[in-house]
Every structure is written in structure tokens, then in C-alpha cells.
Amino acid sequence: MFAGEPRKFSKFATMLGVGAFVMSCSAPVRVSTTPAPTVSTPLLIPMPASMQLRGGVPFEINRTTVIATPANNAEVDAIGQSFAAFLRRATEFPLVVSAAAVGGAPNTIELRLGGDAATLGDEGYNLTVTPDSVRLVANTPAGLFRGVQTIRQLLPTAIESEIGVDRSAWTIPAVSITDRPRFAWRGAMLDVSRHFFTVREVKEYIDLLALYKINMFHLHLSDEQGWRIQINSRPKLTEVGSQTQVGGGPGGFYTQPEYQDIVRYAAARYITIVPEIDMPAHTNAALAAYPEVSCSERPAGLYTGTDVGWSSICVDKEESYALIDDVVREIAAITPGPFFHVGGDEVKLLTDEQYTRFIERVQDIVNRHGKRMIGWEEIYKARLKPTSVVQSWKGDSAAQALKYGSKLVLSPAKKTYLDMKYNAGTELGLDWAALIEVNDAYDWDPATYNPGVTEKDVLGIEGPVWSETVRNIGAVEFLAMPRLAALAEVAWTPQAVRDWQSFRVRLASHAPRWRYMGVNYYHSPQIPW
Ligand code: ACM
């Protein structure tokens, strides 16, 4: 549920402290001069919708604390077991999980299903901490899992340590929280095509998403440079198409069992995988494997550069749709989540008529295999089903996507593209959309960002990491953190509750947590670390 697999760096990070583990950062462009406010509230990210501090004596986890879960509910029991396993690492307490201790017994952390469905929704929870007990109530296991992340953040940061920590008290402040997310889609995307990331690296990123209540994880599985998922009926996609990456490295791909392992790992953290096969452009790796689906039929070479939009699957050939059907069918069969992402962005070689005809046919294929289509902003040109979702990134045509009743996921490149540089001196990342400091990533409202788009049109938001410049998960983390935490709060917390000055102070308090987790991050000059 948490850091399920041991990490190479965590123990060293714990021992070495900040300086040794933070990538050097370049000269600041904007330095906040506002003094940090004194914050007495718990330093939670995302900030809960509603929280009252009771004050006084906190709850203290000790050697005899019990995690209480309902009898005969294997799913909640699994949440309790993995929470107990997480707490045991640093505390070295036994922390028994038991159905016998339900009902507010002393010295228990109780996970209970129930509460008011209308108030809590699918992922909300109520948390009541008194000196005697901790009671977490939600309508769904997902709500309990989100609430457990809040308890985790209420504990001292050393709770993240993978080895025993000798400290006098593991306390949880006495609070009452009623919380639920603002948006249903709180997403992150990782481009595993430009550079390939191992299963272990992907899981490390998922661990970070879970801490911040992100619930959708979009894998960009194909592009010009690489095809990254095994398709049994089309073996050359990986035999040929996975062999390299940007800069000419060895590339790689996930076997179907490996992909399913990622799906399960995410599902245990109540995170839904959204697979993307980008088409009709961004397809060079596939065309290199199956030249018969290109219009020229000349075998394309593998590509290790970073230009975009110059390839296209041949939209006038039936062979193209047969290949797409095989790919969608096989991936849909091993993807429990409801969405299949078809890309659809940056098409330079087709007329609008060819493009819309293609997208509408692909929409039918995706629906036939039981999934809802999502695609990048450009798909608004096609006749979309109301169930299809448009992911805006440029924003200029976001409102037009609403004409057929589709909902929007907002990924405005100037706010949410986590691969943009922080400032002109940042070594990693790109700058074609914007330089994005932490406050830029925080200070926007999805309900007012795009003209003609209102809160009800927005399913949620998502932060992509495109991987032209990043070759390992430490580099991904440097670009994502701390902007991913900002995005998580934009997505979860009601706009009226959000506040930059409070956020920057809370964010500073999370750095020790990241160091225990072995997570690399950007030491922004805007944050009072
Ligand atoms: C995109 O950035 N081409 C979706």
C-alpha cells in the first residue's frame, strides 16, 4: 500500500539529510519575500475540505495500539494490514489488526465503512482523533485509503523511515476532519516512450501519487521513439518498436504480466491506470514494426530524436484498423479501468476530414472493447460520444470540446506540464510552454482557466511528465516534486480553502518525508524549507 518494495536510496537519504540528496538548483528567478505565517494547523497536503483542531492531548500510537477493521471485509482488512505494515517499519510496534476491537475501543485506530453517502461521496472520509482513539469512517474502501494517507501525514515525518526510529512519541493531533475531493479525476501522466522506465521505477512514482491522493495514472505507452507494451497478436511492435529511446539508449517494454503487475500495484492504492496508445501521429515506432500500416510502406527506421507530429498511420487502409483493433482489444482486456487514451495530438500530415474520420472509427473500436475513449484536445474536431473525454493541453479549443457533451480533463501546459523547467537555469526539462515555478503550478482555478468552461464541465486535472530530457525516476521526481503536490491540492481542495501562503509552509514540512522516501525534489527558493 505504501512503499511496497525496498528502495535503493531511502536509508542513505535518511542518514545523509537534505544537501546530499537534493539536485543542485540553479539561480532563482522569483524569490518570495513574504515571511512564513505561523501555522498551528496540521501540515496536510492536500488541505482537507474541512478541519477542526480539538487541541489538547493527542492520540499516541504505542506498543499495544490495535488497528480495528470490520469482520468479513477482505478489502478493508487489506487496507488495515498494509497500514499496520507501514507503521511497524519505523515504530517497531506489533500493531495487531483485529476485527474484535471495533466500536471505539480504547487505543484503537478504527477503519469503518459507513457515514453519510451524500456528504462523503466515493472518496471522502470522516476522521476523528481523540486522546483515546482514532476513528476513520468512509463509504468506500477508496475513501478509507484516502483517509489513511491523512493519518499518515498527521504523524511525525519519521514515520516514513524504512528502519526503526527511536523517538519518544508517535502522536496524532486531536482533530476532526470531514473531507472529499473537489474533482473526480486527479491525474498524473508518465511518458515511458521517450525514455523507458522500469516496473520498479513506475511503482516508486505510484507510491508518491498515493501519498497525495492522486487517483488516475496515465501511461503514455507509445510514440515516435518507442512502443512499450507487449501485444501478443502483433509481436513486432515490441520486437522492433521497443528497441531504442531518445538519445539511442536501449529502450524496453512491459510484458503483459508486468503491465498487470503495475495495474495491481496501482489498484491497491486506489489508483486507476489509463493506458495511452498515441495515434494517428506519434506512431513511428509502430510503423517501423509494421510498414504495411504506413501510407508509403517503406520501412521506417527507428527514431531517437525529439521532433513531433511527422509520422502518421495510414488512415485510408483497412490494415491500420485491424492493427488498432488488436492493440485496443489486448490492452483493454488487461486494463480494469474504464478509459483507453488514443492520443490524437499534433497531427500534421492529414486533412481535417481524414483526421475526424479516423478518430470516429477509433472511438467505435474503443467502445466495442468496453472502454470510454479519452484523447488530447485535438479530438474535439470529431463527432464525439458524450462518454468520451477530452484532455485539453493548449486550451484554445477546450470549450469546443463540450458541444457533444464530453467532459474535460484539464492539463494546461503552462500550469500542469511537470516537464517544463522551473526557471531558465533548470538543467532538466523543456521550456516551450512556460517556465513553471511552484506558485505558478498552484495559482490557478480549473473552473475559470478556459473561457467558456465551467466547474461542471471539468472532470478533473492531470500533470504529465513528458520524458524527452529525463532518463531515470530520480530525474522525473525532480521535475514532479514539488509541483505534483501543488497539482494534488488544486485537484482535491475546494478553491475557497486553498491559500498559497499556507501551502508553501505546509510544503516545506513535507521535504523530510520525501527524504525518508528517497524522493528527489527541486529546492525551490519560494518555499521556506
Ligand atoms: C501534447 O503535449 N502533445 C499533448
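As a basis for the values below, the full set of heavy atoms in this structure was taken, side chains included, without hydrogen atoms, waters or symmetry mates. Start at 1 and go down the list; that is how both ligands and their atoms are numbered. Positions are given from 1, in the same order as the sequence printed here.
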Are any of the N or O atoms of D345 closer than 3.5 Å to those of ligand 1? yes
So is R357 actually on top of Y355's ring, under 6.0 Å and inside 45° of the axis? no
Please check if any side-chain donor atom of S311 sits under 3.5 Å from a side-chain acceptor atom of E224, or the reverse. yes
Is W393 in polar range of ligand 1, meaning some N or O pair under 3.5 Å apart? no
How about C314 and V293: do any of their side-chain heavy atoms sit closer than 4.5 Å? no
Atom indices of ligand 1 within 4.0 angstrom of E346 heavy atoms, with elements: 3 (N)
Looking at atom 2 (O) of ligand 1, what's its closest protein heavy atom, distance included? Y417 OH, 2.7 Å
Kindly indicate whether the side chain of I45, heavy atoms from C-beta on, has any atom under 4.5 Å from the side chain of Y212. yes
